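Shown next, in structure tokens, is the structure this report addresses.
Predicted model, so just to flag it, every value in this text is computed and none were measured.
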Amino acid sequence: MSTLSEKVLQDLTQAIERDELVLPTLPEVALRVREAAEDPDISVPQLCKVIGNDAALTARIIKVVNSPLLRTNKEITDLQMAVSRLGINYTCNLATGLAMEQMFQATSDVIDRKMREVWNKSTEIAGICHVLCKNYTRLPADQATLAGLVHMIGVLPILTYAEEHSELLADSISLNHVIEQIHPIIGEKILRTWDFPEMIANVPGNYLDFNRDSNKVDYTDIVQVATLQSYLGTEHPYTQLDWSSIASFRKLGLDPGQNLNDDEDLSAAMEAAMTMLQ
């Protein structure tokens with residue numbers, strides 16, 4: 001590890017331990033949607049009123065409901081129809097996840113490119129999560145999609161730090177090393193601060209633990225398998241691991257040697273899921 005990496009890791013780790021790290025706040029629209037979701041008596045029109053204040057998010061939800069993965073025979077043209085079709089819980093999780101994109105904004109070109117890269121990877125993983133969850137578990141696919149969208153949220157404070165420290169910005173190897181080392185710790189801390197459900201808040205800190213085994217399949221397993229599957233066909237270090245020893249495959253009932261893209265239906269579903277989130 002370079003001296004710069006060591007210094008940055010030390011600074012950020014100390015800031016986390018002392019509770020001095022400035023964590024990002026949930027986007028306003030996501031905050032309002034989550035508050036609405038906690039109301040057991042929330043109606044479709046009331047939820048539409050909350051989401052409808054954000055024109056971009058409204059358009060994204062209508063796009064999602066008309067995507068090949070979810071669409072019905074009739075095209076859906078307004079938010080109320082979309083929410084009625086998706087259901088309140090699904091809409092709330094989807095809106096929360098999609099609102100995250102607003103946070104991936106930067107003032108410098110270098111950081112902006114890195115943020116785009118992280119968001120694009122997150123939507124790719126979320127799309128795979130959606131399909132894995134639907135085909136291999138009985139868990140709600142909307143929660144798995146949300147877990148995929150937020151599993152790298154811990155990268156944001158590191159990139160914010162890098163914007164303020166030009167020496168880190170100029171050294172991409174050190175920056176990537178720092179991200180790799182501590183984004184899981186920061187990500188879990190952020191999701192707990194935002195009061196995300198335990199099963200999702202656990203994901204950032206555990207999805208890269210390839211020795212992990214739990215009693216039953218959970219969203220961490222889904223994000224872990226989705227992450228590994230996303231690197232198939234590349235020379236990424238994860239492809240060199242012995243996947244047959246990774247418990248999440250067994251819990252999903254998935255052959256570690258299986259490439260989901262080899263199955264025509266699954267491949268088309270993953271493509272559709274990724275497209276609907278971008």
Side-chain angles (χ1 to χ4, degrees), residues 26-104 119 122-151 153 191 194-201 203 217-219 222-223 226 265-266 268-278:
L26 203 58
E28 185 63 31
V29 65
L31 204 55
R32 293 200 304 270
V33 166
R34 291 191 70 75
E35 283 170 3
E38 286 167 10
D39 179 357
D41 301 317
I42 189 81
S43 65
V44 168
Q46 287 171 317
L47 182 56
C48 288
K49 196 174 176 184
V50 172
I51 296 170
N53 289 321
D54 189 309
L57 186 57
T58 298
R60 293 291 297 282
I61 288 171
I62 293 170
K63 178 193 169 188
V64 165
V65 82
N66 283 308
S67 70
L69 205 64
L70 300 173
R71 72 170 169 232
T72 55
N73 296 332
K74 183 182 176 186
E75 186 185 4
I76 289 174
T77 54
D78 65 59
L79 185 59
Q80 188 144 330
M81 287 169 71
V83 176
S84 299
R85 164 82 174 91
L86 293 171
I88 286 173
N89 286 341
Y90 195 117
T91 303
C92 287
N93 283 321
L94 181 66
T96 302
L98 291 175
M100 296 295 162
E101 188 174 11
Q102 298 174 12
M103 303 174 69
F104 287 77
W119 178 250
S122 299
T123 57
E124 179 190 359
I125 300 295
I128 302 172
C129 286
H130 182 99
V131 174
L132 283 172
C133 191
K134 232 175 167 180
N135 289 275
Y136 294 95
T137 80
R138 293 181 178 178
L139 295 168
D142 53 299
Q143 294 264 50
T145 306
L146 178 59
L149 286 172
V150 300
H151 78 287
I153 200 74
L191 296 187
W194 289 348
D195 291 325
F196 267 54
E198 185 73 12
M199 277 181 82
I200 293 182
V203 171
V217 68
D218 55 22
Y219 298 115
I222 295 169
V223 172
D265 292 339
L266 290 178
M270 286 191 295
E271 188 64 39
M274 289 174 210
T275 303
M276 82 176 183
L277 295 169
Q278 285 165 355

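- Here the shortest heavy-atom pairing between Q80 and C48 reads CA-SG, 3.5 Å.
- Atom CG of L98 is separated from atom CG of L146 by 9.5 Å, given to the nearest 0.5 angstrom.
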Legend entry - Stepwise side-chain contact (heavy atoms from CB on, under 4.5 Å) test for V203 and V150: CA-CA 9 Å; V203 171; V150 300; over 6 Å; no
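- Interatomic distance, F196 CZ to I153 CD1, rounded to the nearest 0.5 Å: 8.0 Å.
- Annotation for E271: atom CD does not count as buried by contact number, only 12 or fewer foreign heavy atoms lying within 6.0 Å.
- Inter-residue side-chain proximity for L86 and I61 is flagged as met; some heavy-atom pair is nearer than 4.5 Å.
- A distance of 13.0 Å separates CG of L132 from OH of Y219, quoted to the nearest 0.5 Å.
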Inset, instruction - May I have the step-by-step check of side-chain contact (heavy atoms from CB on, under 4.5 Å) for W119 and M103, ending in yes or no? - result: CA-CA 10 Å; W119 178 250; M103 303 174 69; over 6 Å; no
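- For the pair T58 and G52, the tightest heavy-atom approach, listed with the atom from each and the gap, is OG1-CA, 3.5 Å.
- Using a distance-only test at 3.5 Å, with no hydrogens or angles considered, no donor-acceptor pair links the side chain of N66 to the main chain of E75.
- Salt bridge absent: E38 and R34 never bring a charged side-chain N and a carboxylate O closer than 4.0 Å.
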Inset, instruction - Start with the C-alpha gap between Q102 and D54, add the side-chain angles, then the distance that decides, and say whether side-chain hydrogen bond (donor to acceptor under 3.5 Å, both in side chains) holds. - result: CA-CA 11 Å; Q102 298 174 12; D54 189 309; 3.0 Å; yes
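- Within the model, atoms CG of N135 and CG of L266 stand 5.0 Å from one another, a figure rounded to the nearest 0.5 Å.
- Nearest heavy-atom pair, A126 versus T145, reported as atom, atom and distance to 0.1 Å: CB-O, 3.4 Å.
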Check residues 87-94 and write down every donor-acceptor pair under 3.5 Å in which the side-chain atom is one partner and the other belongs to a residue at least two apart or another chain.
unit_1	atom_1	unit_2	atom_2	d
T91	OG1	G87	O	2.7
N93	ND2	N89	O	3.4
N93	ND2	D142	OD2	2.6

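- Under a 3.5 Å cut-off, the side chain of N53 and the backbone N or O of K49 do form a donor-acceptor pair.
- When every heavy atom of A273 is checked against every heavy atom of G127, the shortest pair comes out as CB-O, 3.5 Å.
- For the atom pair CD of E101 and OG1 of T123, the computed distance is 8.0 Å after rounding to the nearest 0.5 Å.
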Inset, instruction - Start with the C-alpha gap between I128 and M274, add the side-chain angles, then the distance that decides, and say whether side-chain contact (heavy atoms from CB on, under 4.5 Å) holds. - result: CA-CA 7 Å; I128 302 172; M274 289 174 210; 3.5 Å; yes
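- Between I51 and V29 there is no side-chain heavy-atom pair separated by less than 4.5 Å.
- Counting all heavy atoms, side chain and backbone alike, I125 lies closest to G148 at CG2-CA, 4.4 Å.
- The two residues S84 and V44 come nearest to each other via the heavy atoms OG-CG1, 3.7 Å.
- For the atom pair NZ (K63) and CG (L277), the distance works out to 8.5 Å, reported to the nearest 0.5 Å.
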